[in-house]
Structures are given as C-alpha cells and as structure tokens.
There are 2 protein chains.
Amino acid sequence: MNEKIAFSLIHAAHSIEGHFEKALAAVNLSSPKFAALSVLVEEDQPMSLSELAEKLTCVRSNVTQLVDRLEADGLVKRTDDPSDRRGVRAEVTKLGRERHAAGLKVVNRVHEEVAKQLSAVDQSALKRALDTIQ
Amino acid sequence: MNEKIAFSLIHAAHSIEGHFEKALAAVNLSSPKFAALSVLVEEDQPMSLSELAEKLTCVRSNVTQLVDRLEADGLVKRTDDPSDRRGVRAEVTKLGRERHAAGLKVVNRVHEEVAKQLSAVDQSALKRALDTIQ
DNA sequence: ATCTTCTCATTCATATATGAATGATATATG
DNA sequence: CATATATCATTCATATATGAATGAGAAGAT
C-alpha cells in the first residue's frame with residue numbers, strides 16, 4: 001500500500017512477465033527463447049552470436065547457452081561464418097519460424113490483456129513516464 | 001518508440017532493478033540477499049525457511065540455496081526448530097543486521113533517484129495505475 | 001613478415017530461479 | 001495403535017544470467 005513507487009513498478013513488471021511466460025509455455029517457449037527467435041526472424045538471415053547478444057542486451061556466454069538450447073529444440077541452427085573463421089552464426093529454422101509465429105499470437109493476447117487492465121489510465125502518459133526512466 | 005506499454009513497463013523495471021543491484025553490490029549484497037535480510041530483520045526472530053520462502057514469494061528450494069549463501073557470508077545462521085524436528089529456522093546475525101542497514105541506505109538513495117526521474121509525472125496516479133496490474 | 005592486440009565463441013565458476021524427487025518427521029484417519 | 005497423508009528442508013536436474021579465462025583467428029603496428 002504505502003510502498004515505494006519503484007517497488008510498485010517492479011512488482012507490476014514481474015506480474016506481467018509471469019503472464020508472458022505462462023502464455024509462451026503453452027506453445028513450448030520461454031521468454032528468452034522467444035526474444036531470440038524474434039530477433040532472428042526479424043533479421044531474416046544468419047546472424048553472428050555477438051550481434052544477437054547485442055540485440056538481446058546480454059553477454060555472449062549467455063547467447064552461447066541460449067542458442068545451445070534453441071538448437072536442441074530444433075528452432076535454430078548454427079552455421080559457419082564464411083568470411084570469418086572465428087565467427088558462428090545463428091539461423092532460424094522452419095520450425096523456429098512456426099514456433100515464433102505461435103509465440104507472437106499468445107504474446108499479443110497478453111498485450112491486449114495488459115492494455116485492458118490499464119483501461120482506466122492514460123496509457124500514453126503512462127508510457128511517456130515509464131520511458132523517462134533510464 | 002512505438003513499443004507496447006507492457007514492454008515499456010518491463011524495460012523500466014529492469015532498468016531500476018539494475019540500479020538497485022549496482023547500489024547493493026557496493027555494500028556486498030545482491031537483491032535476493034537484501035530481500036531475505038529485510039524479511040529477517042523485520043521479523044526480528046528466528047523464522048522457518050518455509051515462512052521465509054512465502055514472504056519472498058519463491059519456492060523453498062530457492063530459499064535453501066539462498067540461506068546457504070547468506071550463511072557462507074556470515075549474515076544469517078540456521079538454528080533448529082525446537083518444536084518441530086523437521087524444521088530449520090534462519091536467524092540474522094549481528095553482521096547481517098549491519099549489512100542490511102548499509103543496504104537500506106543505498107536502496108533508499110535509489111528510491112530517491114527514481115522519484116526524481118519521475119518528477120514530471122503524477123506519481124500517485126502512476127502508482128495507482130501500476131497497482132491495478134495483477 | 002612477425003609480434004601484439006583485439007575479437008570471436010566457448011567453457012568454467014557462480015548466482016539465481018523453478019519443479020520433481022527424497023528422507024525425515026508430523027498429523028490425521030481408520 | 002497403525003497406517004496413510006501432509007509438510008519440512010534438502011538434493012538434483014534444469015534454465016537463465018553474469019563475468020573471467022581460454023583458444024582460435026583477425027587486424028594492426030613496427
């Protein structure tokens with residue numbers, strides 16, 4: 001009740017993340033996996049793991065492991081970078097695209113629910129306020 | 001820019017969590033450790049790990065590990081529950097209380113910063129909006 | 001061209017989280 | 001009372017995240 005606003009914000013965010021996770025679980029995805037697939041589908045071509053890490057705002061060792069799991073799921077495959085023998089690139093598979101599309105559907109449903117829950121407030125003002133936070 | 005409001009919210013929350021983590025790191029604490037110490041200091045008496053898990057909204061196996069680490073740091077000690085031989089209770093040590101006090105200081109500084117960053121918005125309205133989200 | 005330095009992905013150690021399985025003990029039910 | 005069920009903390013397997021160390025290879029400097 002008399003909680004600090006930062007805690008309210010974090011609590012609300014965790015709650016929403018829970019909704020996303022639950023929705024994605026129904027299509028056999030986790031949030032990190034869906035996020036990675038989203039980047040790869042958007043890019044629509046093989047992408048170096050470093051670049052993927054940058055887009056996901058995380059360290060490279062994390063992407064190595066995430067791509068391991070995505071590869072084990074058959075959603076992504078690693079290919080050699082022809083122009084740099086150090087490099088490895090990730091490419092989304094057909095199954096990966098399908099899974100991503102399924103994820104997108106359920107994620108959008110959660111977006112709608114959240115918007116509905118915030119129907120009483122000025123959402124653009126709220127969004128502006130949130131985006132001031134760095 | 002044209003991002004969904006749920007993502008704005010999650011992004012803002014992660015940013016703030018990062019600030020808390022960085023501030024706490026300066027006093028040798030993590031967010032989970034600080035949260036656990038906060039509960040134990042507030043309670044001010046030995047507390048069963050189950051109860052601690054409930055207060056922290058996490059599963060018991062997580063608390064087992066967290067208390068392992070807190071105990072290794074000398075911030076908490078386990079004691080037997082005299083009324084239930086299955087039970088184990090966690091008790092904050094003197095060092096734990098000191099560390100928690102130090103953590104509270106830096107955490108409050110972050111709260112102030114966040115409030116300052118949101119100075120342009122109606123914070124009670126924002127807080128009410130956030131608290132509608134379940 | 002060789003040597004240094006940077007960058008790439010991976011591995012390792014660690015922290016945090018979950019959930020299933022386990023063993024010890026309480027509690028409830030016949 | 002004996003047996004079944006529930007609860008306690010822990011362990012194990014796993015997912016996610018970080019950062020340090022590593023080995024391979026690219027790029028730059030002399």
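Below, chains carry the letters A, B, ... as their sequence lines are ordered, and counting in each starts from 1.
For D/dA15, the paired base is C/dT16 (Watson-Crick or G-U wobble, both distances below 3.5 Å).
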Between N or O atoms, less than 3.5 Å apart, protein on one side and nucleotides 4-8 of chain C on the other: list the pairs.
residue, atom, partner, partner atom, Å
C/dT7, O2, A/Arg86, NH1, 2.6

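In this structure, CG of B/Leu52 is placed 13 Å from P of D/dC8, rounded to the nearest angstrom. Atoms CG (B/Asp80) and P (C/dA24) sit 16 Å apart, rounded to a whole Å.
Ion pairing of A/Glu98 with A/Lys94 is present here, as a side-chain N (NZ or NE/NH1/NH2) and a carboxylate O approach within less than 4.0 Å. The pair B/Arg97-B/Asp44 meets the salt-bridge criterion, since a charged nitrogen lies less than 4.0 angstrom from a carboxylate oxygen. A salt bridge is absent between B/Asp73 and B/Arg69: the closest approach of a Lys/Arg side-chain nitrogen to an acidic carboxylate oxygen does not fall below 4.0 angstrom. Between A/Lys77 and A/Glu71 there is no salt bridge, since no side-chain nitrogen of the basic residue lies less than 4.0 Å from a carboxylate oxygen of the acidic one.
Checked by atom type and distance alone, the side chain of A/Glu91 never pairs as donor or acceptor with a backbone atom of A/Val76 at under 3.5 Å.
Checked by atom type, the side-chain pair A/His14/B/Glu17 shows a donor-acceptor distance below 3.5 Å. Checked by atom type, the side-chain pair B/Thr64/B/Asn62 shows no donor-acceptor distance below 3.5 Å.
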Treating primed atoms plus P, OP1 and OP2 as sugar-phosphate and everything else as base, which nucleotides of nucleotides 12-20 of chain D get B, S or - for protein heavy atoms under 4.0 Å? ---SBBBBB
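Among the atoms of the strands shown, only primed sugar atoms or phosphate atoms (P, OP1, OP2) are found under 4.0 Å from some heavy atom of B/Arg78.
Heavy-atom contacts from other residues, nucleotides or ligands closer than 6.0 Å to CG of B/Asp68 number more than 12.
Taking only side-chain nitrogens and oxygens, B/Arg85 comes nearer than 4.0 Å to OP1 or OP2 of C/dA26.
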